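Everything on this sheet refers to the single structure shown next.
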Amino acid sequence: MPGQQTERRSPAYLDIARDLGEDIGRGRFPVGQNLPSERRLATVYGVNRQTVRAALQHLRTQGLVAGDHLGTYVLSPREGRAARPPAGPAPTHGFPGSFLRPARPAAGIGRLLRRPPEHWAATALELPPERAALAYDHRLKDEDGRTLQSASSWFAPVLTLLLPGLGRSAWALGEDAEAGREADLAELYGWAATAGLRLRAADRVQLARDTAEDEPPGGLEVRRTIADQHGRTLIGTVFRIADEQAELRYADSQALLPGDTRPRTPGAARRIAEPDRAVLNSWASPNAPDRGLALRARIVLACEHASAEEAAGRLGHSAQLVAAWRDRFRAGGLQALEASPRRGRPRSR
């Protein structure tokens, strides 16, 4: 009804990810053991499997779980991230991102519109520079209303087909295409993960040019292009950041974005603790009653000084299977080998 405010709810996949993350933090799903299957989770939460996949991908980006052909299993702090969701509220902005100093609070405001791209973006996205294209303006403002960071993005037309959420937002523009309308695309990376896109960003940093009235004065300008696993450039964004607010940190020139689902890179060989070795040798005995457990133990022992491919050749099994059980042992120890890959049930809602 006009004039009536409705409470804004978070996307379903974030609610599911938060729920599962809390269960992981409480130890309901032990380290190294699988979460319930996608089908089971979809039934429990009353959603489709795409929503469940987005939730699991969100947990992967947080470092709480990893996945392989045996399922999605829980990681431990030894894997580099805490197996408990971070405390405090969720970030107020996702896409397009932020280069502000972490201690500086800011609120994001976004507007979807159509306008001609800047020349560099038109070249990267193969768009006619004089023709209006789908664009997104985003501003991060402080409590006094000052713009700390501006971001202007343009999208390749194919992206509205690949991401239904973006397509619906573009269709809703209607006659407001030039003036634009307020929109929130913070979950765009989540949409991309659901669609099976693995995104990678390349940034070019330079001193900011003369800026418009609603942009931060001086500072830095970052031109970001985002491509998928097929090499298609899908998004071009220019960030302009006030110089006293900028904090740029790069591990390399090809930063991975949330939603990347590449297989985890195996770590270096790790020595097995002597008490664990004794148990593994007993499990791996030719006369062991549990053949499945015996195979898992032999895999772990074989991988101590060999790669998954080398161990697979010796054992006569696939490298995929060998790597899966090796990584589970590294995440959860002996208890991870004892568990069935499909063990565990979510609580009823």
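Remember, predicted model here, so these are calculated numbers, not experimental data.
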Gap between atom [atom2] of [Y] and atom [atom1] of [X] - 0.5 Å precision:
| X | Y | atom1 | atom2 | answer |
| --- | --- | --- | --- | --- |
| S98 | I241 | OG | CD1 | 8.5 Å |
| L125 | T233 | CG | OG1 | 6.5 Å |
| Y136 | L113 | OH | CG | 11.0 Å |
| K141 | S150 | NZ | OG | 9.5 Å |
| L234 | L162 | CG | CG | 7.0 Å |
| R326 | L321 | CZ | CG | 11.5 Å |

Is a donor on one side and an acceptor on the other found under 3.5 Å between the side chain of [X] and the backbone of [Y]?
| X | Y | answer |
| --- | --- | --- |
| E22 | D19 | no |
| Q33 | A336 | no |
| S285 | N281 | no |
| T123 | H119 | yes |
| R296 | L337 | yes |
| D23 | F29 | no |

- Should the ring pair Y189 and F95 be called parallel, tilted or perpendicular, given that the plane angle runs from 0 to 90° and is split at 30 and 60? perpendicular
- Once the angle between the rings of W120 and W154 is folded into 0 to 90°, is it parallel (under 30°), tilted (30 to 60°) or perpendicular (over 60°)? perpendicular
Do [X] and [Y] have side chains that get closer than 4.5 Å, going by heavy atoms?
| X | Y | answer |
| --- | --- | --- |
| L112 | F155 | yes |
| I24 | V31 | no |
| R40 | V44 | yes |
| L35 | V52 | no |
| L56 | L41 | yes |
| L134 | P157 | no |
| F239 | R224 | yes |

- Candidates D15, L20, T51 - the one meeting side chain to side chain contact (heavy atoms under 4.5 Å, CB included) with Y45: L20
- Residue pairs, two or more places apart or on separate chains, that pass salt bridge (Lys or Arg N to Asp or Glu O under 4.0 Å) and touch residues 160-169: none
Nearest heavy-atom neighbours spanning [X] and [Y]:
| X | Y | result |
| --- | --- | --- |
| V279 | S282 | O-OG, 2.6 Å |
| R114 | A170 | NH2-CB, 4.0 Å |
| L166 | W191 | N-CZ3, 3.5 Å |
| G21 | L64 | CA-CD1, 4.3 Å |
| V322 | A311 | CG1-CB, 4.0 Å |
| P96 | H138 | CD-CG, 3.7 Å |

- Kindly indicate, with the supporting measurements, whether the criterion side chain to side chain contact (heavy atoms under 4.5 Å, CB included) is fulfilled by R115 and S152. CA-CA 11 Å; R115 70 169 174 219; S152 297; 3.2 Å; yes
- Item | Over 12 foreign heavy atoms within 6.0 Å of CZ, R49 | yes
- Message: Heavy-atom count check: over 12 atoms from other residues, nucleotides or ligands less than 6.0 Å from H230 NE2?
- Response: yes
Pairing residues for [X] by the side-chain hydrogen bond (donor to acceptor under 3.5 Å, both in side chains) criterion, not counting sequence neighbours:
| X | value |
| --- | --- |
| T225 | none |
| E274 | R277 |
| R53 | E38 |

- Query: With a 4.0 Å cut-off, would you call R240 and E118 a salt bridge?
  - Reply: yes
- Query: Thinking salt bridges, do D137 and R111 make one under a 4.0 Å N-O criterion?
  - Reply: no
- Item | Set of residues satisfying salt bridge (Lys or Arg N to Asp or Glu O under 4.0 Å) with respect to D276, sequence neighbours excluded | none
- Query: Of all residues at least two apart in sequence or in a different chain, which pass the salt bridge (Lys or Arg N to Asp or Glu O under 4.0 Å) check with R232?
  - Reply: D228
- Same cluster or not: are L161 and I235 linked, directly or through other Ile, Leu, Val, Met, Phe, Trp or Tyr residues, by side-chain heavy atoms under 4.5 angstrom apart? no
- For the hydrophobic clusters of this structure (ILVMFWY residues joined by side-chain heavy atoms under 4.5 Å, transitively), does one cluster hold both I109 and L148? no
- Using a distance-only test with no angle check, is there a side-chain donor-acceptor pair under 3.5 angstrom linking Y13 and E187? yes
- Task: Evaluate the criterion side chain to side chain contact (heavy atoms under 4.5 Å, CB included) for residue pair T147 and D142; output intermediate values, then yes/no.
- Result: CA-CA 7 Å; T147 299; D142 64 12; over 6 Å; no
- May I have the step-by-step check of side chain to side chain donor-acceptor pair (under 3.5 Å) for S169 and R181, ending in yes or no? CA-CA 10 Å; S169 298; R181 59 186 301 172; over 6 Å; no
- Given side chain to side chain contact (heavy atoms under 4.5 Å, CB included), test W325 with L70 step by step and report yes or no. CA-CA 9 Å; W325 284 113; L70 294 178; 3.5 Å; yes
- Determine, step by step, whether T72 and L59 satisfy the side chain to side chain contact (heavy atoms under 4.5 Å, CB included) criterion, reporting the C-alpha distance in whole Å, the side-chain angles of both residues, the deciding distance to 0.1 Å, and the verdict. CA-CA 10 Å; T72 300; L59 293 176; over 6 Å; no
